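These notes concern the structure reproduced below.
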Amino acid sequence: MNSTILRLNTLYHDIVFQYQYYQVVRYVVSFIVSVIMVRSLLPQADLGRYELMTFIITSISSFWLNGIKNAYISYYNHVNEDKKQKLPFTVFLLLSAIAFVSGIALFLFPEIFKFFSAESLIPYLSIIVLYLFFFATIPLIDTIFLLQKNNKQLFAYTHWSQLGFLTLTIFTAIFYPTLQAFITVLLIWAGIRWFYLLFVVLAPFRITIDKQLMYFFAVFSLPLTLNMVLGSMMEMIDGWFVTRYFSTDFFPVFRYGAREMPISSLLFGSLSLAMIPLLTDDMANLSILKAKATRHMHLLAPLSLILMIISPIVFVSFYGEAYQESAYIFNLYLLILISRVMMPQTICFAKHQHAIIIWSGLLEILSNIIFSYWLLQYWGVYGLATGTIIAFTLQKIILILYNYRKNGIGITEYVAIKPFLIYAILLIVTFFITLKF
């Protein structure tokens, strides 16, 4: 009993674990919300519009949002205490300005919705623009808590921010399950978190406009933002193919299946981000990256194997018969775990070697378009998913080779090879067995 309490206490004070825990809870709540919406009286066509709306907002904002967020994490340890006090508000202003310009662009060029075959969302343009403005800065909350190592506030924020949204969604699904109502809930809760960021999270820092700091940070952010442009285009390309070759009703079927194993991308993605400051300080911390990645692998690989077998039953049970096809798309995306375990990009970010990440990202996008379009002709939506997996793996291979030749860092320094190969073979074999049956 005492050892369990000690272990929980250790995890509570581990800011990397806390940050990962937040991402996991956010994913779980997102999954539960999707199930609630499917099971509500909301027509599937409206559900498709809701998912298409969130997809469009993510597509036009995630690259600069995540690029600046990653730059903030990377830049933080390279400035003095005075600039550290100014940096949070500076990043907030930069994100807000870009979100404002993006919103104006949506108003001036509603043809953007036509590009995604989403003309039916134009009547909701005002709500979408306002949500985009809130959405752009909210991730600063957990990022600031991570950098400040503020375990207590991050732990509290994890629960009230996600449980509040879940409660409002349940209430809406029971009493007023309409597209307008669900979008309004999304907007209201984003607004609440935005005010929390402005008046609670940013309050302890220096609220001042430092033009020089903003300029240097913006320049520093450009390579990372460009890299995120390339990364976010993977999801956008898949979504665009679906909107062009399939109906709006099918969009949620694809979106709910086109996810990696629950918590996989969240755990490895948040681990990669959290390790950048540590590796920037000392590359000897690669042993920490390897240990944490191996621990995640031992948890997620067996779970992926189980999910691969039971996914058709799970998807039908949660979403209904209409979403059985989502299960087979999901099984394909489970294979991404093989390349997720390898995190050569974390080393490149820590060393500020952004050029190779950008060039490998360009190749990833090009290969994604080529393979996705080609395989789409022969295997439909499954070919689309396969093209994404091939492209994602290709970039990881390029970065692994770069780290070995340029930095003298072999893959064995950050990946436990033996268990990795065993799990990779088991995942591939299990996939083909389930595909056969």
Side-chain angles (χ1 to χ4, degrees), residues 16 66-67 70-71 73-75 77-78 220 222-231 233-234 260 264-265 267-298 300-301 304 335-368 370-371 386-428:
V16 174
N66 290 319
N70 290 350
I73 293 173
S74 182
Y75 193 70
N77 283 348
H78 294 276
F220 180 84
L222 282 177
L224 291 170
T225 302
L226 181 56
N227 174 66
M228 293 310 302
V229 169
L230 302 176
M233 282 187 69
M234 297 283 283
E260 297 178 51
S264 173
S265 61
L267 281 178
F268 281 108
S270 57
L271 174 61
S272 178
L273 275 178
M275 286 300 302
I276 290 173
L278 294 179
L279 293 179
T280 301
D281 290 339
D282 189 355
M283 273 294 152
N285 287 323
L286 273 174
S287 60
I288 299 176
L289 175 64
K290 182 176 181 179
K292 288 182 178 292
T294 303
R295 186 163 62 244
H296 291 345
M297 179 171 57
H298 286 314
L300 299 176
S304 294
L335 296 178
I336 293 180
L337 177 65
I338 297 173
S339 50
R340 278 284 179 203
V341 174
M342 303 176 287
M343 290 186 284
Q345 77 281 0
T346 309
I347 299 170
C348 295
F349 276 128
K351 287 182 170 290
H352 299 164
Q353 295 169 332
H354 302 144
I356 183 60
I357 296 177
I358 292 172
W359 284 111
S360 63
L362 284 170
L363 184 58
E364 180 186 24
I365 293 300
L366 181 61
S367 60
N368 187 26
I370 293 173
F371 283 112
T386 303
T388 300
I389 294 169
I390 293 173
F392 190 82
T393 304
L394 181 61
Q395 190 199 28
K396 288 297 183 76
I397 293 173
I398 292 172
L399 293 177
I400 288 169
L401 293 175
Y402 179 87
N403 277 326
Y404 178 71
R405 294 179 179 177
K406 178 72 174 180
N407 299 320
I409 300 174
I411 189 174
T412 56
E413 294 187 50
Y414 51 95
V415 178
I417 294 298
K418 186 176 180 179
F420 168 76
L421 291 176
I422 292 172
Y423 285 133
I425 293 170
L426 285 174
L427 282 167
I428 294 171

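All residue numbers in this chain count up from 1 along the given sequence. Owing to the predicted nature of the structure, the values given are computational and were not obtained by experimental measurement.
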Between [Y] and [X], is there a side-chain heavy-atom distance shorter than 4.5 Å?
X	Y	result
L286	K290	no
I409	K351	yes
Q353	I357	no
N368	F392	no
L271	T346	no
L427	I425	no
I400	Y414	yes

Q. Can you name the residues that form a ring pair (Phe, Tyr, Trp, His ring centres under 6.0 Å) with Y75, not counting sequence neighbours?
A.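 Partners of Y75 by the ring pair (Phe, Tyr, Trp, His ring centres under 6.0 Å) criterion, ordered by chain and then number, come out as F217, F220.
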
Contacts of F371 that satisfy ring pair (Phe, Tyr, Trp, His ring centres under 6.0 Å) - sequence neighbours left out:
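So F371 forms no ring pair (Phe, Tyr, Trp, His ring centres under 6.0 Å) with any residue.
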
Locate the shortest heavy-atom distance separating [X] from [Y]; write the atom from each residue and the value.
X	Y	result
S360	Q395	OG-NE2, 3.2 Å
H298	P419	CE1-CB, 3.8 Å
T393	I389	OG1-O, 2.9 Å

Just how far is it from atom [atom1] of [X] to atom [atom2] of [Y], taken to the nearest 0.5 Å?
X	Y	atom1	atom2	value
E364	I397	CD	CD1	11.5 Å
L401	I356	CG	CD1	9.5 Å
S304	L426	OG	CG	11.5 Å
F349	I73	CZ	CD1	10.0 Å
I347	L279	CD1	CG	7.0 Å
T412	Y404	OG1	OH	9.5 Å

Identify every side-chain donor-acceptor pair in residues 335-345 under 3.5 Å, counting partners at least two apart or on other chains, and give the distances.
from	atom 1	to	atom 2	distance (Å)
S339	OG	I336	O	3.1
R340	NE	E260	OE1	3.0
R340	NE	E260	OE2	3.1
R340	NH2	E260	OE2	2.7

TODO: Check the pair Y402, N407 against side chain to side chain contact (heavy atoms under 4.5 Å, CB included), reporting the backbone distance first and the verdict last.
DONE: CA-CA 7 Å; Y402 179 87; N407 299 320; 4.2 Å; yes

Self-check item: Derivation of the side chain to side chain contact (heavy atoms under 4.5 Å, CB included) call for S367 and I390
Solution: CA-CA 8 Å; S367 60; I390 293 173; 5.8 Å; no

